[in-house]
Amino acid sequence: MKIETMKIWAKRAPKMACAAATCSVAVVVLSACGIGGGDDNSAAGAARHFAAAMERQDAGGAAGFTTAPGQAGEALTETLQAMNAEHVDVDVVKPVEYSDGTASFSLKTTWRWAKDRTFQTTSTGTARHLSTGWKLTWEPSIIYPGLPYGGQLREIRTDATPAPTVRSGSGKTFMYLQPVNQIILDPTRTKDVDQSARALARTLAPIAPLVTTQVISEKLAQSQGKPITAVTLRDPDMQVMTSDPDTVPGVTVRKAGKLVMADRRLSSPLEPGLTNYWQAIRDATAGWQVQMTGPGIKPHKLAGEQGPAGPSVDTTIDQNLQLTLGDSAVEVGQPATIMALDAGSGAILGMAQNSYAVERGTSVGGVHPVGRTLDPVFAVVDRSATANQEPTDAIMDRLGLGVQFTVPGASAPTADQPGVATVDFRPGDLNASMMNMGALGVALARSSSGQMSSVAPYVIRGAQTDVVGGQLGELDAATTAPILQAMAVTAKTGDASDLTGAPGLRALVGTNGPQGPGWFVGLQGGKVIVIYCEGDKSGTAALQVAQKYFRIK
């Protein structure tokens with residue numbers, strides 16, 4: 001913060017008085033190193049303290065140097081919060097003190113944000129010498145010229161239009177941005193939180209019966225006193241309710257935009273990953289704008305930039321198959337997740353799970369014990385490693401089992417689920433994700449068709465999957481052929497022999513003890529089907545999901 005100075009002498013007296021005598025009033029420009037510049041008891045000192053408080057983004061401190069601290073504090077708080085700047089630089093320019101106890105000054109304010117975004121303005125103001133010292137005459141125009149009472153400056157994000165869509169493998173819209181209504185309950189805005197939770201659940205019952213009082217109460221407990229979003233509804237859903245949620249104490253309805261499924265019958269654990277990828281495009285193409293707002297006036301743009309819209313997201317998802325996968329998992333009374341991949345390319349064609357798996361929190365990248373499922377694989381890998389004098393880990397990696405995949409458009413591994421161990425080959429203690437099992441199935445399917453190399457799963461065209469912890473690579477028929485033969489036997493006379501409607505099926509089936517989890521990895525009809533179930537007799541549950549899939553596909 002600095003003070004720019006100059007000297008001025010001006011006449012300032014009524015015309016009739018000056019007709020009788022020459023009347024002059026001293027006008028003193030305060031110097032930073034001269035009279036009053038560093039003096040707290042000067043107009044320049046008051047302006048300097050106001051500017052310093054603004055640079056600290058201390059609204060109350062700045063307001064204390066004005067003639068109306070209450071009004072100024074409220075207005076300055078609103079603008080500082082709405083601008084949300086990383087830095088604010090305020091320079092006091094040409095402070096002029098008059099002998100009649102008034103003064104004038106200008107403020108050059110520079111608002112700064114990340115990515116070298118700046119907004120600069122020059123405002124003017126006056127000051128008065130009161131019994132308590134010099135005070136800046138409060139006017140909103142001190143913040144910005146022409147700012148009305150009750151107005152504010154705000155910096156907002158702007159998004160390019162039209163918004164990108166997420167497209168299926170056929171090019172049809174799979175997900176798109178739609179206006180939605182967030183039903184928010186703020187426990188600090190109601191005297192009786194439990195009563196508000198019950199009232200909100202009753203209001204939502206016609207359209208969201210699963211959002212019960214207990215569900216709302218659990219969300220409130222987890223939020224530790226912060227507002228919660230009870231549910232997000234589309235505009236047509238709002239018409240179904242018989243009462244207005246806004247009437248419930250503590251509840252507000254906030255308009256927002258959300259990426260949603262074009263076909264409301266569909267849902268997928270891939271949604272969060274696809275949304276994150278889509279949001280990254282929105283963030284990369286986002287612009288910004290500084291606006292002036294006020295009572296009764298439309299927001300007025302003062303500065304900002306906005307570039308072109310980003311590209312749409314092209315996926316490999318088959319919408320019809322996605323619906324089939326959802327129908328296959330829904331009837332099993334325990335957590336079940338199913339994924340389909342193209343057997344030649346590794347493209348993910350769809351992924352679905354039932355409500356039990358959703359409640360369980362089963363994720364795309366989560367790793368789970370494989371139990372007896374991969375016994376045929378382990379036996380062959382052990383023999384191949386001995387015969388070729390090669391580490392078992394390297395063979396497992398090439399089959400897709402000893403590596404970790406980060407698939408753009410799918411959920412990435414989290415800190416508590418870091419992936420699959422790539423050392424110490426322990427058949428009885430191996431964990432794998434559905435992506436690992438899918439990669440194994442694709443590697444075996446490719447080998448059976450003469451494509452002797454493994455590939456990583458992917459769901460967004462042109463977005464490369466990151467593979468860490470090992471390397472995929474060339475496949476050896478001496479390794480893959482015995483595994484494929486064992487899978488054929490399992491489908492013909494083994495645990496998968498009761499499955500119908502799946503000619504040419506080759507499968508791996510197994511559990512990790514009575515409580516699971518249970519796995520199914522099947523190759524059939526140019527697709528790889530991976531099923532993961534949890535709970536009692538989960539291997540049988542996985543076969544039930546598989547049978548439903550083969551029946552309706």
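Please read all numbers here as calculations on a predicted model, not as lab measurements.
A donor-acceptor pair under 3.5 Å links the side-chain atoms of Ser268 to the main chain of Met351, judged by distance alone. Remark: side-chain polar atoms of Lys108 are not paired, donor with acceptor, to backbone N or O of Thr121 under 3.5 angstrom. Between the side chain of Gln57 and the main chain of Ala85, a donor-acceptor pair closer than 3.5 Å is present. Judged by distance alone, the side chain of Thr316 and the main-chain N or O of Ala347 form no donor-acceptor pair under 3.5 Å. Of the possible polar contacts, none joining the Thr67 side chain to the Thr137 backbone as a donor-acceptor pair under 3.5 Å is found. Using a distance-only test at 3.5 Å, with no hydrogens or angles considered, a donor-acceptor pair links the side chain of Asn354 to the main chain of Val332. Although no hydrogens or angles enter the test, the distance criterion places a donor-acceptor pair under 3.5 Å between the side chain of Gln322 and the main chain of Ser267. Side chain of Asp327 to main chain of Thr324: no donor-acceptor pair is present (N/O by atom type, distance under 3.5 Å, no hydrogens or angles). Looking only at distances, no side-chain donor or acceptor of Thr203 sits under 3.5 Å from a matching main-chain atom of Ser243. Without hydrogens or angle criteria, Thr109 side chain to Val90 main chain gives no donor-acceptor distance under 3.5 Å.
In this structure, Glu218 places its CD atom where more than 12 heavy-atom neighbours from other residues, nucleotides or ligands lie under 6.0 Å away. For Phe550, the CZ atom counts as densely surrounded, since its 6.0 Å shell holds more than 12 non-hydrogen atoms of other residues, nucleotides or ligands. When the shell of 6.0 Å around NZ of Lys258 is examined, it contains 12 or fewer heavy atoms from other residues, nucleotides or ligands. Sparse packing is recorded around CZ of Arg254, with 12 or fewer heavy atoms of other residues, nucleotides or ligands lying under 6.0 Å away. Within a 6.0 Å sphere centred on CZ of Arg282, heavy atoms belonging to other residues, nucleotides or ligands number more than 12. Counting heavy atoms of neighbouring residues, nucleotides and ligands inside a 6.0 Å radius, atom CZ of Arg128 does not exceed 12 of them. Residue Gln306 qualifies as enclosed at atom CD: its count of foreign heavy atoms under 6.0 Å is above 12.
Ser345 and Asp342 share a side-chain donor-acceptor pair at under 3.5 Å. In the model, Asn436 has a side-chain atom that pairs as donor or acceptor with a side-chain atom of Ser433 under 3.5 Å. Looking at Ser104 and Thr126, their side chains never bring a donor and an acceptor atom within 3.5 Å of each other. Side-chain contact of Gln279 with Asp283: a donor-acceptor pair under 3.5 Å is present, judged by distance alone. Remark: the Gln319 side chain and the Ser168 side chain contain an N/O donor-acceptor pair separated by less than 3.5 Å. Between the side chains of Thr110 and Gln120, at least one donor N or O lies within less than 3.5 Å of an accepting N or O. Residues Tyr149 and Glu139 have side chains that bring a donor and an acceptor to within less than 3.5 angstrom of each other.
Among residues two or more places apart in sequence or in another chain, the ring pair (Phe, Tyr, Trp, His ring centres under 6.0 Å) test is passed with Phe65 by His49.
Interatomic distance, Ile142 CD1 to Met54 CE, rounded to the nearest 0.5 Å: 9.5 Å. Rounding to the nearest 0.5 Å gives a distance of 6.5 Å between CG of Leu325 and OH of Tyr549. Phe174 CZ to Ile317 CD1: the interatomic distance, rounded to the nearest 0.5 Å, is 4.0 Å. The structure places CG of Leu177 at 7.0 Å from CG of Leu259, a figure rounded to the nearest 0.5 Å. Taking NZ of Lys548 as the reference point, atom NZ of Lys553 lies at 14.5 Å (rounded to 0.5 Å).
The side-chain heavy atoms of Lys135 and Thr132, taken from C-beta on, include a pair separated by under 4.5 Å. Proximity of Tyr277 to Ile460: side-chain heavy atoms (C-beta onward) are separated by under 4.5 Å at one or more points. By the 4.5 Å heavy-atom criterion applied to side chains, Ile529 and Ile338 are counted as neighbours. Inter-residue side-chain proximity for Gln291 and Leu302 is flagged as unmet; no heavy-atom pair is nearer than 4.5 Å. Between Leu323 and Arg265 the shortest side-chain heavy-atom distance falls below 4.5 Å. Side-chain contact between Met175 and Glu271: present, with at least one pair of heavy atoms (C-beta onward) separated by less than 4.5 Å. Residues Val407 and Met435 are in side-chain contact: their nearest non-hydrogen atoms beyond the backbone lie under 4.5 Å apart. Counting heavy atoms from C-beta outward, Val180 and Leu233 have side chains that stay 4.5 Å or more apart.
Under the 4.0 Å criterion applied to side-chain N and carboxylate O atoms, Lys255 and Asp235 are assigned as salt-bridge partners. A salt bridge links Asp237 with Arg264: the distance from a Lys NZ or Arg NE/NH1/NH2 to an Asp or Glu carboxylate oxygen falls below 4.0 Å. The pair Arg117-Glu155 meets the salt-bridge criterion, since a charged nitrogen lies less than 4.0 angstrom from a carboxylate oxygen.
Using cut-offs of 30° and 60° on the angle between ring planes, the pair Tyr532 and His368 is parallel.
Across all their heavy atoms, Thr79 and Trp111 have their closest contact at CG2-CH2, 4.0 Å. The heavy-atom pair separating Ala62 from Phe50 by the smallest distance is O-CD1, 3.2 Å. Here the shortest heavy-atom pairing between Thr285 and Ala309 reads CG2-C, 4.4 Å. Across Ala63 and Leu76, no two heavy atoms sit closer than the pair N-CD1, 4.0 Å. The two residues Leu270 and Ala410 make their nearest non-hydrogen contact at CD2-CB, 4.0 Å. Nearest heavy atom pair, residue Pro164 against residue Trp278, reads O-NE1, 2.7 Å.
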Begin from the C-alpha positions of Leu204 and Met241 and carry the test side-chain contact (heavy atoms from CB on, under 4.5 Å) through to its verdict.
-> CA-CA 7 Å; Leu204 297 175; Met241 290 185 291; 3.7 Å; yes
Going through the checks in order, is the side chain to side chain donor-acceptor pair (under 3.5 Å) test met by Thr165 and Ser312?
-> CA-CA 5 Å; Thr165 60; Ser312 290; 3.3 Å; yes
